[in-house]
Structure formats: structure tokens, C-alpha cells
Amino acid sequence: QVQLVESGGGLVQAGDSLRLSCVASGRTFSRYRMGWFRQAPGKEREFVALISSGGVNTLYADSVKGRFTVSRDNAENTVYLQMNSLKPEDTAAYYCAAGRPSAFMNPATYEYWGQGTQVTVSS
């Protein structure tokens, strides 16, 4: 059983940076693959990035590749999403999620979800 809490969202201007954090409860965090997803009003939840349980492998959506970086610190039960060169189209609620090692880009493959943190980018 895993509980997740996101933080770090806010209101920024286009071109600015933010770092989101997701802190997990329990002692089994290092066993899970972690994903970041986002959802804008009226749209479906979409994949942003994932990181393997050991932190070696990462995967990004084409829309954020080269701008966002996902990382994790298993000793602190925390996963991060560094967001640079933010664009207005990045505006959304961002969620972290924990899945089994086989979890991929489909949100249905993740078992536990945080409550989300809002990111708003003005033009």
C-alpha cells in the first residue's frame, strides 16, 4: 500500500521553470515504477514521464522531451519532475503514480495516485 503527495505547482510565466515533488509513504517505494501524468480541464489524463524502480531508465512524452527531467531519490521516498522552458500548453493538474515494474504509459497500469498539484503557465 502506497500513499502519494505531490507539491511544487504554481503560477509561472512562459519560459520559467518549476520542480514538482512527490513523496511516498511506506517502506516499499523503491519497488515501484513511478509515472507523471497531467490533466487539463475537459481533457483526458495524459502520460508525461516515467522512471524505473531503480532510477536508471526514463521515458518521456514527445511534447516534453528535452524540457522535462524525471528523477527519484529512493532513500527519501521521493520522485521529482523538473520542468524547464514551460509553455502555456503545459498548464494542467499534474499527478504522480506508482505502478508495478511493467507499468508503461497507460494510466490504467498504475495502482496508486496522488491528489495532484496545479501548474499554470501564462503567456
Side-chain angles (χ1 to χ4, degrees):
Q1 187 173 3
V2 177
Q3 293 180 324
L4 306 171
V5 180
E6 302 98 334
S7 63
L11 174 62
V12 298
Q13 297 183 12
D16 286 352
S17 298
L18 282 174
R19 189 176 79 158
L20 306 183
S21 299
C22 175
V23 180
S25 66
R27 302 178 66 183
T28 60
F29 174 73
S30 63
R31 300 179 184 177
Y32 289 90
R33 173 169 291 188
M34 298 296 298
W36 283 99
F37 297 81
R38 65 188 183 187
Q39 187 168 23
K43 297 183 178 180
E44 295 184 351
R45 188 164 299 185
E46 66 174 344
F47 169 79
V48 176
L50 66 80
I51 186 167
S52 61
S53 59
V56 175
N57 299 313
T58 58
L59 181 68
Y60 300 90
D62 288 342
S63 59
V64 306
K65 190 174 299 182
R67 299 188 297 120
F68 290 11
T69 302
V70 62
S71 61
R72 68 192 295 163
D73 185 344
N74 286 343
E76 298 295 331
N77 281 12
T78 304
V79 62
Y80 304 95
L81 185 67
Q82 178 67 45
M83 305 185 295
N84 298 327
S85 302
L86 283 163
K87 304 175 181 179
E89 49 263 47
D90 295 319
T91 296
Y94 283 72
Y95 300 85
C96 67
R100 301 176 69 178
S102 59
F104 197 46
M105 295 184 294
N106 189 339
T109 62
Y110 291 81
E111 300 177 72
Y112 305 100
W113 294 82
Q115 295 299 306
T117 185
Q118 180 67 36
V119 173
T120 302
V121 185
S122 63
S123 60

Those residues that, when tested against Phe47, pass ring pair (Phe, Tyr, Trp, His ring centres under 6.0 Å) (two or more places apart): Phe37
Contacts of Phe29 that satisfy ring pair (Phe, Tyr, Trp, His ring centres under 6.0 Å) - sequence neighbours left out: none
Pairs involving residues 56-88, ordered by first then second residue, that meet ring-ring contact (aromatic ring centres under 6.0 Å, His included) (sequence neighbours left out): none
Heavy-atom pair with the smallest gap, counting every atom of [X] and [Y]:
| X | Y | result |
| --- | --- | --- |
| Trp113 | Tyr110 | NE1-O, 3.5 Å |
| Leu81 | Ala49 | CD1-CB, 4.3 Å |
| Pro88 | Ser123 | CG-CB, 3.9 Å |
| Gly8 | Leu18 | O-CD2, 3.7 Å |
| Leu4 | Val2 | CD2-CG1, 3.5 Å |
| Asn74 | Ser30 | ND2-CB, 3.6 Å |

Shared hydrophobic cluster for Val12 and Met83 (ILVMFWY, side-chain gaps under 4.5 Å): yes
Connected via hydrophobic side-chain network under 4.5 Å: Leu59 and Leu20: no
Does atom [atom1] of [X] have more than 12 heavy-atom neighbours, drawn from other residues, nucleotides or ligands, at distances under 6.0 Å?
| X | atom1 | value |
| --- | --- | --- |
| Glu46 | CD | yes |
| Gln115 | CD | no |
| Gln82 | CD | yes |

Separation of Ser63 OG from Lys87 NZ (nearest 0.5 Å): 8.5 Å
Members besides Val23 in its Ile/Leu/Val/Met/Phe/Trp/Tyr cluster (side-chain heavy atoms under 4.5 Å): none
Arg33 side-chain N/O to Ala103 backbone N/O, donor-acceptor pair under 3.5 Å: yes
Candidate pair Asn77 and Arg72, rule side chain to side chain contact (heavy atoms under 4.5 Å, CB included), full reasoning: CA-CA 8 Å; Asn77 281 12; Arg72 68 192 295 163; over 6 Å; no
Test side-chain hydrogen bond (donor to acceptor under 3.5 Å, both in side chains) applied to Ser17 - qualifying residues, sequence neighbours left out: Asn84
For Gln39, side-chain hydrogen bond (donor to acceptor under 3.5 Å, both in side chains) partners two or more places apart: Arg45
Salt bridge (Lys or Arg N to Asp or Glu O under 4.0 Å) partners of Arg100, counting only residues at least two apart: none
Candidate pair Trp36 and Leu50, rule side chain to side chain contact (heavy atoms under 4.5 Å, CB included), full reasoning: CA-CA 6 Å; Trp36 283 99; Leu50 66 80; over 6 Å; no
Contact list for residues 55-65, test salt bridge (Lys or Arg N to Asp or Glu O under 4.0 Å), sequence neighbours left out: Asp62-Lys65
Residue pairs, two or more places apart or on separate chains, that pass salt bridge (Lys or Arg N to Asp or Glu O under 4.0 Å) and touch residues 7-21: none
Of all pairs that satisfy side-chain hydrogen bond (donor to acceptor under 3.5 Å, both in side chains), the ones with a partner from residues 89-98, not counting sequence neighbours: Arg38-Asp90, Arg38-Tyr94, Arg67-Asp90
Disulfide (SG to SG under 2.5 Å) partners of residues 21-109, not counting sequence neighbours, each pair once: Cys22-Cys96
Criterion side chain to side chain contact (heavy atoms under 4.5 Å, CB included) on Val121 and Leu11, from CA distance to verdict: CA-CA 6 Å; Val121 185; Leu11 174 62; over 6 Å; no
